[in-house]
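Each remark here refers to the structure printed beneath this line.
Any value given below was found using the heavy atoms of this structure, including those in side chains, with hydrogens, waters and symmetry copies removed. Here is how names work: the chains are called A, B, and so on, in the same order as the sequence lines, proteins then strands, and each is numbered from 1. It should be emphasised that the depicted structure is a prediction, and the values quoted were computed from it without experimental measurement.
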Amino acid sequence: MRTTVVCLLGFGALLAILLAAGQRPFAPSKFEFGVFRIYNGIAEQTPVPSMISGGERYLLVGPGKRGATEMAPPGRALPVELQGSLIERGSTRMLEVLPGSWKPAGPEGRSTPAVSEGVHTFTGEIVDSKCYLGVMNPGEGKVHRQCAARCISGGVPAAIAANGGLILLTGPDDRPLSRELSPYAGERVTIRGELIRLGQLQILRADPASITRE
Amino acid sequence: MSLHYKAIFWNPVKKQYDLLLAGGVLLYLAAFTVAGALLHPAATIETLLIRGLATCAFLLLHLILCIGPLCRLNPRFLPLLYNRRHLGVTMFLIALAHAIFSIVQFHSLGDTNPLVSLLTGNTRFESIPQFPFELLGLAALVILFLMAATSHDFWLSLLTPRVWKQLHMGVYLAYGLLIGHVTLGALQSETNPLFVAITAAGITIVTGLHLAAGWRERRLDQAFDWKVSGEFVPVCPAAEIPANRAKMLSAGGERIAVFRYDNKISAISNVCQHQNGPLGEGRIVDGCVVCPWHGYQYLPDSGASPPPFQEKVATYRTRIDSGVVYVDPRPCPPGTRLEPSRIE
């Protein structure tokens with residue numbers, strides 16, 4: 001019996017290592033959980049909440065599964081100081097803003113003009129940008145589906161993971177598509193709209209009626 | 001066996017069993033999280049814990065399901081069965097931890113109550129690839145909770161062994177639901193065929209062992225299957241029954257254990273009153289038949305547990321003719337004392 005027990009324990013440990021090793025590779029991403037740094041820059045609410053600080057554009061989201069739309073007055077570019085935790089995947093950066101840390105830091109600034117790149121069609125998975133960029137890893141796939149739905153519903157900018165990149169999604173009038181896109185979270189869809197570029201961010205102004213499940 | 005109920009009764013063997021179990025679980029979780037963190041530096045600790053707990057509970061469930069048929073096929077595995085309930089409760093607690101971590105991770109801090117989010121977050125019931133696999137896991141967890149909550153002998157006595165056993169057969173439904181939970185969840189996200197292979201191997205082993213054990217018992221039943229006609233039926237020469245052991249036969253669908261001890265022969269029902277354990281696979285120790293599963297004891301001539309215990313099983317009349325043991329397959333009321341047949 002002693003041999004059986006030792007064999008069972010050894011087999012269990014070996015299987016644990018095998019299963020841990022066999023997991024799908026994790027995306028190289030970063031989330032500085034609990035580390036809040038001060039950022040100064042120009043914040044914009046549309047087309048997606050973001051700020052330019054030190055020459056870099058950061059997407060802005062709230063804590064948990066919340067967006068940052070409630071934190072800043074819409075439609076204006078404002079100099080602000082805020083504290084945030086960095087979320088980063090590839091060249092795309094995001095800040096999880098510490099509630100209450102957002103302070104106006106001067107008169108109204110100048111918004112950055114978005115550059116239109118024409119009408120495009122993308123096929124990929126609907127994800128929430130916060131988890132995809134590193135708060136969850138993996139922040140995509142079937143297992144993450146309900147989390148993505150919750151995040152999108154809570155105001156985190158929806159996006160489509162397509163062609164190895166992330167394209168943020170808004171309505172044709174830059175309205176967030178939380179309600180329309182959350183039922184598609186975690187699913188592969190095809191969506192069409194006007195692609196615009198805002199710094200290093202790609203944003204698709206899409207009509208939600210154009211979405212089709214793959 | 002006990003007359004009074006204690007919350008949990010630990011003896012040295014159970015303590016050793018539980019220590020090994022806790023050590024095994026911790027070893028598994030440590031191996032999974034450390035290997036995961038070293039081999040996948042980008043993985044978060046929450047993800048590794050959720051996955052480690054899930055795979056640990058699923059593997060334990062396989063082990064639990066294999067113990068029964070393994071013991072039927074080879075008595076060497078009986079010590080694993082002795083404390084199987086603690087194994088079951090441990091498995092439930094690990095599965096519960098997996099569920100709690102997952103709900104916190106995937107459903108909390110949002111715009112909806114996490115439990116409401118879990119129940120309504122995905123309504124694609126019509127699609128197999130998009131099916132809400134989380135609900136299958138939740139249904140399995142409810143079944144496992146009912147089993148863990150009623151695992152104490154108090155509930156066994158209150159519900160009666162038959163109802164208790166039927167309730168605890170729900171483990172097979174829970175297993176089926178968890179296969180769906182894994183297949184429609186993790187296996188759709190993971191790309192490594194290793195996970196499909198291990199899941200398939202688990203299903204094959206559990207199913208194969210149950211079929212093998214069932215096949216063996218069917219063969220035994222067929223070899224000694226008698227219609228209940230009111231007449232004594234031959235069992236075997238008395239010398240073929242090892243001392244303090246039993247030979248089993250089936251009559252009218254009931255299994256009978258015929259014991260030889262102190263140059264005497266007695267027959268009792270093969271079904272232990274505790275958890276339907278196979279008394280015929282037990283031994284006679286200190287004059288009592290001891291159930292191999294949990295050590296419940298019965299006097300071989302009366303089928304009654306020694307005082308102050310109150311369990312009773314049916315007894316059967318025996319006789320010996322020309323050295324051959326015969327049994328009357330009509331059961332006497334549980335606890336009826338019958339004079340043993342003497343081996344000349």
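Contacts between B:Ile198 and chain A at a heavy-atom distance below 4.5 Å involve the side chain alone, from C-beta outward. B:Pro193 does not touch chain A: none of its heavy atoms, backbone or side chain, sits under 4.5 Å away. Neither the backbone nor the side chain of A:Ala185 comes within less than 4.5 Å of any heavy atom of chain B.
Ranked by heavy-atom pairs under 4.5 Å with chain B, the list A:Leu8, A:Ile17, A:Val156, A:Leu19 is led by A:Leu19.
In this structure, the side chain of A:Arg93 does not engage the main chain of A:Tyr58 through any donor-acceptor pair within 3.5 Å. The closest donor-acceptor contact from the side chain of A:Ser178 to the backbone of A:Ile152 lies under 3.5 Å.
Applying the side-chain hydrogen bond (donor to acceptor under 3.5 Å, both in side chains) test to every pair with at least one member in residues 20-34 of chain B, sequence neighbours left out, gives these pairs: B:Tyr28-B:Thr55.
Contacts of residues 101-121 of chain B with chain A at a heavy-atom distance below 4.5 Å involve B:Val104, B:Gln105, B:Phe106, B:His107, B:Ser108, B:Leu109, B:Gly110, B:Asp111, B:Thr112, B:Ser117, B:Leu118, B:Gly121, listed in sequence order. Scanning residues 62-74 of chain B against chain A with a 4.5 Å heavy-atom cutoff picks out B:Leu63, ordered by number.
Counted by atom type alone, A:Ser29 and A:Asn137 present one or more donor-acceptor pairs between their side chains at under 3.5 Å. Side-chain N/O atoms of A:Gln23 and B:Arg51 include a donor and acceptor closer than 3.5 Å. Between the side chains of A:Ser210 and A:Arg192, not a single donor N or O lies within less than 3.5 Å of an accepting N or O. For A:Arg145 and B:Gln130, the side-chain atoms include at least one donor-acceptor pair closer than 3.5 Å.
Remark: B:Thr191 pairs with no residue by the side-chain hydrogen bond (donor to acceptor under 3.5 Å, both in side chains) rule, at least two apart or across chains.
Surrounding CZ of A:Arg213 are more than 12 heavy atoms belonging to other residues, nucleotides or ligands, all under 6.0 Å away.
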